[in-house]
Protein chains: 2
Amino acid sequence: MATVSRVVNHNHNVKPATEKKVMEVVKRLNYRPNDVARGLASKKTTTVGVIIPNVTNSYFAALARGIDDIAEMYQYNIILTNSDGDEQKEVKALNTLYSKQVDGIIFMGNELSPAVRDEFKAERIPVVLAGSVDPQNDFPNVNIDYRQAVSSQVDQLLNTGNQRVAFVAGRLNRAINQDFRLPGYQAALQSHQVPFDDQLLFEAANYDDGYELCDQLLAHQATAAMVSNDDAAAGIMNGMNDRGVQVPEQFEVATSDNTKITEMTRPTLSTITQPLYDVGAVAMRLLTKLMDNDEIEQRQVLLPFGMKQRGSTKGA
Amino acid sequence: MATVSRVVNHNHNVKPATEKKVMEVVKRLNYRPNDVARGLASKKTTTVGVIIPNVTNSYFAALARGIDDIAEMYQYNIILTNSDGDEQKEVKALNTLYSKQVDGIIFMGNELSPAVRDEFKAERIPVVLAGSVDPQNDFPNVNIDYRQAVSSQVDQLLNTGNQRVAFVAGRLNRAINQDFRLPGYQAALQSHQVPFDDQLLFEAANYDDGYELCDQLLAHQATAAMVSNDDAAAGIMNGMNDRGVQVPEQFEVATSDNTKITEMTRPTLSTITQPLYDVGAVAMRLLTKLMDNDEIEQRQVLLPFGMKQRGSTKGA
DNA sequence: ATGAAAGCGCTAACAA
DNA sequence: TTGTTAGCGCTTTCAT
């Protein structure tokens, strides 16, 4: 029994001859270790929980792919749960993940609600936030510098003379927007001495939201929009063109994620570029270290970002 | 011990008074049952394995969302594994899922290779194919009638006078293409007495593939394309327009999945419409029945499909 | 309606 | 290097 366990787990204290013998029997009996029993005995499930707002969203899907690839590399499996960014669902999902004894958690969401934060703190299993900020910096996370990125992108919009640049996010009151993107937007305005007007703040979480939003954008005399979600940006751009407002001549739109969608639209979308796959991959790698109790050099990693000016803006 | 188990599992043979008492202690001690131990003892993990080619693909992502929602509804969790449609990875993934003692499996992929088929047959746990055909009809599956759908869509292309309609799929030799879509394409040609030309068969699995493919399409005098993947279709359409070939005036393109992408492009993409979310949802529902040993009315379900003629084709 | 006890299939000391 | 023995934290008969 124990020797078989040693062989199966590649423990080195086994005589090559017996190992051979065991392997043969394993093959012959088509023996496959029961990971559940293993998990109970060893207190490790080699499974990590992943909370994602929505797999259908290309931004999060890209991160998820990075997460899964690295998980696979380190022999972990992923339990994926869609939360819709809803606090209730997040808490519920976490509870079942904890019951399932996952070894770690990757959390994606636009904000860490107090309830979720409490769940994390109540357990001692490691958590890493992927593409999700933590203003209180309680948990390891991997992101880009959203403040700086938005600031640079809005700066471009201001350079082409726009005086009324709208800021569009999924939910304005989410930490990632309130504490990072919005300040970046405001900083850019300030450096161009353009007054801040909260009438120019809008919410749109997906393509249809964006498409519908155009009327309001126009009603408030916006001539450009900095959007935090590629789907919504595509909706705004198409919505404008369909309403006879030419992009970029009469209205410029810039977005944030550089998902494939930004290349599919016509005109193509100018965007912040970020290493989506890597955000997920690095987060998972970080989690493996945490689960192994390895030394962590950085709990908070900021990956490099860039800018891509394409057809939806007038800038070069 | 046993009584606590009964309470936690909502077994009815418990006196209300003791139930109350147990519940209180559960609350006070913040007791949370260990699902791993539960799984070992009961031989049920309330976890199902999901094999997906790539979460990043909007077609499969949509199915995955349907799967997860229904899983949640029936108290199951999902272990998601990306396979890239690669047989090796599929087999490997299945083995780890079996080790983890999943209660069932949802398989997505363009084909059931013999190796995968053997894995399924070697285990007695239920499998349902979602958006994935099984020509041998060995396993329960949910799909649409791809043959009929492609035939109808190609028929539209032929109606507008195209004599050289290309057929573009991710991998031509996959069962879903070889046994369903291609025959549908050929049937349409035949009914219009247009000769079949295998020079008009092409492969493109994603946006970039499609974009690149344009040169070949043009070289072979194709004037329209029936594409089996929305991403590739978007690539072809943009590629054509970028090369100065106007869609739909000089080249028509029709696609297959009606993902959001078909609305984002300009012109918008004409497409077969299928209930993506439902394909996943119904598959998962079917799996829950199988796992419960319920009676199954249909092992093979075909969901209704439709047609949406938009801007990328000349038809009404 | 409740408790006692066996055991699910492993890992992890501990001996030998 | 190998075997023995406890558990891991539950569910599930079987008594009571």
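In this text, all values refer to a predicted model and were calculated from it rather than measured experimentally. Reminder, nothing fancy here: chain letters follow the sequence lines and each chain counts from 1.
With respect to the salt-bridge test (charged N to carboxylate O, under 4.0 angstrom), the residues D231(B) and K260(A) do not qualify. Using a cutoff of 4.0 Å between basic side-chain nitrogens and carboxylate oxygens, D118(A) and K121(A) are not scored as salt-bridged.
Residue D35(A) is out of contact with every strand shown, counting any heavy-atom pair closer than 4.0 Å.
For a distance-only test at 3.5 Å, the side chain of R32(A) fails to qualify as a donor-acceptor partner of the base of dG9(C).
Rounded to whole angstrom, the span from the CE atom of M1(A) across to the P atom of dC8(C) amounts to 12 Å. Here dT16(D) presents its C1' atom at 15 Å from NZ of K15(B), a figure rounded to the nearest Å. The interatomic distance linking R38(B) (CZ) with dG7(C) (P) rounds to 22 Å, in whole Å. Between the CG atom of N11(A) and the C1' atom of dT11(C) there is a distance of 11 Å, given to the nearest Å. The nearest whole Å value for the distance from the NZ atom in K44(A) to the P atom in dA12(C) is 9 Å. Atom CG in N13(A) sits roughly 13 Å away from atom P in dA12(C) (whole-Å rounding).
In terms of phosphate contacts, S5(A) brings a side-chain nitrogen or oxygen within less than 4.0 Å of OP1 or OP2 of dT11(C). For the OP1/OP2 pair of dC8(C) and a distance below 4.0 Å, the side-chain nitrogens and oxygens of S42(B) include no atom meeting the criterion. Proximity of N34(B) to the phosphate of dC8(D): no side-chain N or O atom is located under 4.0 Å from OP1 or OP2.
Nearer the 5' end of DNA chain D, as judged by each residue's closest nucleotide, is the contact made by E19(A), out of L40(A) and E19(A). If K43(A) and T3(A) are placed on DNA chain D by their nearest nucleotide, the residue sitting closer to the 5' end is T3(A). Mapped onto DNA chain C by nearest heavy atom, A2(B) and A37(B) fall at different nucleotides, with A2(B) at the one closer to the 5' end. For R6(A) and A41(B), each mapped to the nucleotide of DNA chain C holding its nearest heavy atom, the one lying further toward the 5' end belongs to A41(B).
A donor-acceptor contact shorter than 3.5 Å is absent between the side chain of N177(A) and the backbone of A169(A). Side chain of D103(B) to backbone of T46(B): a donor-acceptor contact under 3.5 angstrom is found. In this structure, D134(B) contributes its side chain and F139(B) its backbone to a donor-acceptor pair below 3.5 Å.
Among the nucleotides dT11(D), dT11(C), dT2(C), the one closest to any side-chain atom of N9(B) is dT11(D).
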